[in-house]
Amino acid sequence: MTTIECPKGLYILGTGTDVGKTYITALWLKKLRESGHDVAYYKAAVSGAPSISESDAGYVKQVAGLSQADETLLSYVFDEAVSPHLAARHEGKVIDRTVVNRNFCHVANTHAYTTVEGSGGIICPLHVTDAELYMLEDVVKDLQLPTIVVATAALGTINSTVLTIHYLQSKGISVKGIIVNQYTGNPMEADNCVMMERLTGIPVLDKVGPGETSLHMDVDKMLACYEDIANPHTYVVM
């Protein structure tokens with residue numbers, strides 16, 4: 001049995017699909033690992049991938065150079081590129097809240113810093129019945145993790161980013177910062193960053209250009225985004 005005395009966690013989510021959340025997550029973990037920190041990755045569910053190795057999780061593992069076993073990266077993988085709840089339904093499966101929480105704990109218990117990646121935007125259904133509605137926000141709240149929001153630099157990002165952050169805050173979810181992806185530094189993109197900070201009160205932590213292979217953030221500032229996982233003594237791996 002292996003345990004970590006005080007594991008820390010962080011949740012990285014996007015303002016929507018295809019904003020580069022997986023790319024940023026991979027660079028985030030790569031920088032921390034290369035700085036000598038014990039890091040791990042977890043994602044509850046991914047759609048549109050035939051296998052774990054060919055999924056977002058497999059990409060992050062490869063880019064970041066993680067040594068985790070594939071089966072610890074993900075709880076559910078679906079071939080159809082639709083919302084996870086629909087992909088699961090079409091395959092006759094159920095995304096089980098208990099399984100997600102347990103699998104996260106197994107990963108977090110054996111690593112100092114565990115980073116969880118979301119699926120699409122924050123309003124993403126995972127399991128839907130007449131009596132139950134299990135959403136991505138429930139994963140964040142169950143795990144009691146702070147968040148980083150990944151946004152694009154493009155036109156329209158002010159609206160999507162501000163709405164995402166206000167929604168998270170309305171649910172009592174902590175937002176540590178914004179990372180802007182596909183940033184080229186033109187005047188509109190620079191103003192987008194200024195306005196996102198002004199309208200949310202949340203700092204832009206980094207601006208990542210197309211094709212970059214490393215984040216610009218200071219490692220200590222990255223580590224400061226993590227918080228202790230609640231009741232770590234209950235996370236036991238056999």
Task: Minimum heavy-atom distance between Ser47 and Pro84, given as atom pair plus value - done: OG-CA, 3.5 Å
TODO: Could you tell me which non-hydrogen atom of Leu155 sits nearest to which non-hydrogen atom of Met188, and how far apart they are?
DONE: N-CE, 3.6 Å
Open item on the list: For a 4.5 angstrom cut-off between non-hydrogen side-chain atoms, does Val149 reach Ile165?
Closed with: yes
Task: Side-chain touch Thr161/Ile178, heavy atoms, less than 4.5 angstrom - done: yes
Open item on the list: Measuring only between side-chain heavy atoms, which start at C-beta, is Glu117 closer than 4.5 Å to Val60?
Closed with: yes
TODO: For Glu91 and Val77, work out which heavy atoms get closest and say how close.
DONE: OE1-O, 4.5 Å
Open item on the list: Using 30° and 60° as the class boundaries, would you call the ring planes of Tyr226 and Trp28 parallel, tilted or perpendicular?
Closed with: tilted
Open item on the list: With a 4.5 Å cut-off on side-chain heavy atoms, are Glu227 and Leu10 touching?
Closed with: no
Task: Validation row: Val39, Thr115 side chains within 4.5 angstrom (heavy atoms) - done: no
Task: Least distance between heavy atoms, Thr157 atom then Ala151 atom - done: OG1-CB, 3.6 Å
Open item on the list: Please say yes or no: joined through hydrophobic side-chain contacts below 4.5 Å, possibly via intermediate residues, are Leu86 and Ile123 part of one cluster?
Closed with: no
Open item on the list: Between Tyr167 and Glu137, do the side chains contain a donor N or O and an acceptor N or O under 3.5 Å apart?
Closed with: yes
TODO: Decide yes or no for Leu215 and Lys31: does some side-chain heavy atom of the first lie under 4.5 Å from some side-chain heavy atom of the second?
DONE: yes
Open item on the list: Ignoring hydrogens, what is the shortest heavy-atom contact between Val82 and Ala87? Give both atom names and the distance.
Closed with: CG2-N, 3.5 Å
TODO: Test Met217 against every option in Val208, Asp206, Leu27 by the side-chain contact (heavy atoms from CB on, under 4.5 Å) rule and name the one that passes.
DONE: Asp206
- [ ] Indicate yes or no: at least one non-hydrogen side-chain atom of Ser75 is less than 4.5 angstrom from one of Phe104.
- [x] no
Task: Nearest heavy-atom neighbours spanning Cys193 and Tyr183 - done: SG-CE1, 3.9 Å
Task: Student check: side-chain heavy atoms of Phe78 and Lys93 closer than 4.5 Å - done: yes
